[in-house]
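Report on the following structure.
Values below: all heavy atoms of this structure, side chains included; hydrogens, waters and symmetry mates excluded. In this text, all values refer to a predicted model and were calculated from it rather than measured experimentally.
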Amino acid sequence: MAMGQEELVFLPLGGVGEIGMNAALYGFGPEKGRKWIMVDCGMGFAGEEQMPGVDLMFPDLSFIEERRKDLLGIFITHAHEDHIGAISELWPRLKVPVYATRFAKNLLETRRLSEPGAPKVELREVKPGRRVTVGPFELEYVPVSHSIPESNAIAIRTAAGLVLHTGDWKIDPTPVAGSVTSPEAFTALGDEGILAIVCDSTNVVREGFSPSEKTVAETLKTLIADAPHRVAVTTFASNVARIRAVAEAAVACGREVIAVGRAMDRVIDVARECGYLDGLPEFRRADSWKSLPRERVVALLTGSQGEPRAALARVSRRDHPDISLTAGDQVIFSSRAIPGNERDVGSIINDLIEQGVEVITDRTDLVHVSGHPRRDEMVEMYKWTRPGTAIPVHGEALHLDEHARFARAQGVQNVVKARNGSLIRLSPGTPAVVDHVKAGRLFKDGDVLIDEKDRAIPERRKLMQAGLVSVAIAIDEDGVVLGEPAVDIIGLPNRGRSGEPLIETVVDAVSRTLSGMSRGKLKDSESVEKTVDRAVRTAVNEVWGKKPACHVQVVEV
């Protein structure tokens, strides 16, 4: 391949082999003069057990940071956090225009860019169905159904051909709020000729069609009408269709809606501004809860994923200042637990049941549907688009592998299996992985971003498993130990298997070790620290069965 030949390439830096942190690059031009666009810039949630002390994860964008002068813009498919949540944190490293629809733009401004210290991001509004030209790229926003308004696929046109980036989508002819996925629009793209489809894989392992949001709305209407007392509904704050469905159900049976939770308030404000809650009365404040008759209220609560600081968790612990539930009240989980959150959600459900509250989930009633396509919906998409190549994204390894087999079964001749960092040449020639670049994760640790190689996380994991022993020793220049070493243990049990105090085990190990060292060796601080460390960990392991982390500090006097 000549070095100066123009190529169209695809490079995912997040969202492939995982769910979350979506960030995809498209490049066009010769290798040394390539121009780039990014589609989405999202975050992921870190599990406390795997990443202690870390709440958020972001894709490592160092590849494109090094080529920032050639990045033309960031294009947002929709306003979910796994697609926009990294903008405020990572945009200062890129400083390019961010293109988004009105709803996504307003929600980004309200949720992320209103925080203290947030950057002044250059946001440009895009109309669904319109085209935007930047450099060698022409991008068309193609509306799709999803669990948030104004979701779009993006048709990316270049001199090398058309690529369809589906974003998150499903087929829903009655979405309650938001767009439908138009067969005509995608068939027209297929008629034009699609070089490659980069497609959502989330629900490829599920058969059939996803139920409609309208069906969920009907279920919620029945449940709320039949409830004898208070009803609380928890759902993803961004699901405007679900918010509207609850509000319509409340109006139909003479109840009032109280929205509780900052994230919920922000989405409701943006949804009203964009017209998605037209015709519905204003929602009441949380402090109205106790003044309304028990049978005339419906609460919309944040916390469907078990977040400990969200409204529902506080209600379940009985420490919310305004909202309380009593036996006979009802809580509807109009959501499904994201993998990794099951334990936290289950804990809240158990707490509510112990209080006599009736809990309804999608295990018994159709109170939630996914925003991603099942297999029969994907069959339709492939019939409409007829791509030359399929590249599965937005899923873990299982989903990507199953999607690859599925695409071949639909008659797609070429399927490329990608992972984060896979550089795929889409044109000229048959699309294929041609290189691998640096891709990884960044972790938000307090107010600091750290990378995967930072020692903080593995050290915290070790502390979680086996605690810490701290030893301070004063030694003079002649190698004489001054006074008694200072010893402390953190995160260790008080006693070993035979009942001996562990602090005494540590003190004895330190004393024996120092007594056995010559003055010459005691003058070598590094040697003392290593020897005492080894002796303490061995001694504790003999009586406890675990080796703690050990920090030995020699103070030279």
For Phe236, ring pair (Phe, Tyr, Trp, His ring centres under 6.0 Å) partners two or more places apart =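 For Phe236 there are no ring pair (Phe, Tyr, Trp, His ring centres under 6.0 Å) partners, ignoring immediate neighbours.
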Side-chain heavy atoms of [X] within contact of [Y], under 4.5 Å:
X: Arg318; Y: Gln355; value: yes
X: Ile197; Y: Met381; value: yes
X: Arg374; Y: Phe209; value: no
X: Met264; Y: Leu301; value: no
X: Cys253; Y: Val298; value: no
X: Glu109; Y: Leu123; value: yes
X: Thr110; Y: Asp269; value: no
X: Arg242; Y: Val176; value: no

Point-to-point distance, once rounded to the nearest 0.5 Å, from [atom1] of [X] to [atom2] of [Y]:
X: Leu71; Y: Met38; atom1: CG; atom2: CE; result: 6.0 Å
X: Leu107; Y: Glu81; atom1: CG; atom2: CD; result: 7.5 Å
X: Tyr99; Y: Ile37; atom1: OH; atom2: CD1; result: 10.0 Å
X: His78; Y: Asn22; atom1: NE2; atom2: CG; result: 7.5 Å
X: Asp376; Y: Arg206; atom1: CG; atom2: CZ; result: 12.5 Å
X: Phe58; Y: Ser88; atom1: CZ; atom2: OG; result: 6.5 Å

Kindly indicate, with the supporting measurements, whether the criterion side-chain contact (heavy atoms from CB on, under 4.5 Å) is fulfilled by Glu256 and Leu292.
-> CA-CA 9 Å; Glu256 294 200 56; Leu292 290 171; 3.8 Å; yes
Which donor-acceptor pairs under 3.5 Å do the side chains of residues 220-230 make with protein atoms, sequence neighbours left out?
| from | atom 1 | to | atom 2 | distance (Å) |
| --- | --- | --- | --- | --- |
| Thr222 | OG1 | Glu218 | O | 3.2 |
| Arg230 | NH1 | Asp329 | OD2 | 3.1 |

Anything under 30° is parallel, anything over 60° is perpendicular, the rest tilted; go ahead and classify His146 against His372.
->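 His146 and His372: perpendicular rings.
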Under the side-chain contact (heavy atoms from CB on, under 4.5 Å) criterion, do Ile332 and Val246 qualify, and how do the steps go?
-> CA-CA 11 Å; Ile332 301 172; Val246 170; over 6 Å; no
Would you say Arg262 has more than 12 foreign heavy atoms packed within less than 6.0 Å of its CZ?
->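 No, CZ of Arg262 has 12 or fewer neighbouring heavy atoms, counting only those of other groups under 6.0 Å.
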How about Arg130: does its CZ atom have over 12 heavy atoms from other parts shown lying under 6.0 Å from it?
->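 Open: at most 12 neighbouring heavy atoms sit under 6.0 Å from CZ of Arg130.
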Given 3.5 Å as the limit, does a donor-acceptor pair link the side chain of [X] with the main chain of [Y], or not?
X: Lys170; Y: Ser370; value: yes
X: Gln305; Y: Ile338; value: yes
X: Ser324; Y: His320; value: no
X: Ser151; Y: Val144; value: no
X: Thr234; Y: Ser304; value: yes
X: Thr219; Y: Leu366; value: yes
X: Glu213; Y: Asp172; value: no
X: Arg266; Y: Gly261; value: no
X: Ser316; Y: Ala313; value: yes
X: Arg441; Y: Met57; value: no

Candidate list Ser334, Pro211, Ser147, Ser212, test side chain to side chain contact (heavy atoms under 4.5 Å, CB included), partner Val369, passing option =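 When side chain to side chain contact (heavy atoms under 4.5 Å, CB included) is applied between Val369 and each of Ser334, Pro211, Ser147, Ser212, only Pro211 qualifies.
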State, without any angle test, whether Arg294 and Thr326 hold a side-chain donor-acceptor pair at a distance under 3.5 Å.
->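 There is such a pair (donor and acceptor under 3.5 Å, judged by atom type) between the side chains of Arg294 and Thr326.
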Going by atom types alone, do Asn420 and Glu18 pair a side-chain donor with an acceptor below 3.5 Å?
->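 Side-chain D/A pair, Asn420 to Glu18: present.
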Pair Tyr382-Phe406, ring-ring contact (aromatic ring centres under 6.0 Å, His included): steps then yes or no = CA-CA 10 Å; Tyr382 277 91; Phe406 171 86; 5.8 Å; yes
Please identify each residue that fulfils salt bridge (Lys or Arg N to Asp or Glu O under 4.0 Å) with [X], with sequence neighbours left out.
X: Glu307; answer: none
X: Arg375; answer: Glu207, Glu402
X: Glu140; answer: Arg131, Arg157

Ignoring hydrogens, what is the shortest heavy-atom contact between [X] and [Y]? Give both atom names and the distance.
X: Asn203; Y: Pro373; result: CB-O, 3.1 Å
X: Ile194; Y: Leu189; result: CG1-O, 3.5 Å
X: Pro59; Y: Leu442; result: O-CD1, 4.0 Å
X: Val260; Y: Ala311; result: CG1-CB, 3.7 Å
X: Val142; Y: Ala185; result: CG1-CB, 4.2 Å
X: Ala418; Y: Val16; result: O-CG1, 3.2 Å

Can you tell which of Asn152, Thr101, Asp40 makes a side chain to side chain donor-acceptor pair (under 3.5 Å) with Thr77?
->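 Per the side chain to side chain donor-acceptor pair (under 3.5 Å) rule, the option paired with Thr77 is Asp40, out of Asn152, Thr101, Asp40.
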Could you give me the CA-CA distance, side-chain angles and deciding distance for Val126 and Leu139, then say whether side-chain contact (heavy atoms from CB on, under 4.5 Å) is met?
-> CA-CA 10 Å; Val126 178; Leu139 299 98; over 6 Å; no
Where at least one partner belongs to residues 349-371, residue pairs that pass salt bridge (Lys or Arg N to Asp or Glu O under 4.0 Å), sequence neighbours excluded =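 The answer is Arg336-Asp362.
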Derivation of the side-chain contact (heavy atoms from CB on, under 4.5 Å) call for Asn106 and Glu150 = CA-CA 12 Å; Asn106 290 4; Glu150 297 180 17; over 6 Å; no
Could you walk me through whether His403 and His394 pass ring-ring contact (aromatic ring centres under 6.0 Å, His included), step by step?
-> CA-CA 10 Å; His403 189 169; His394 203 291; over 10 Å; no
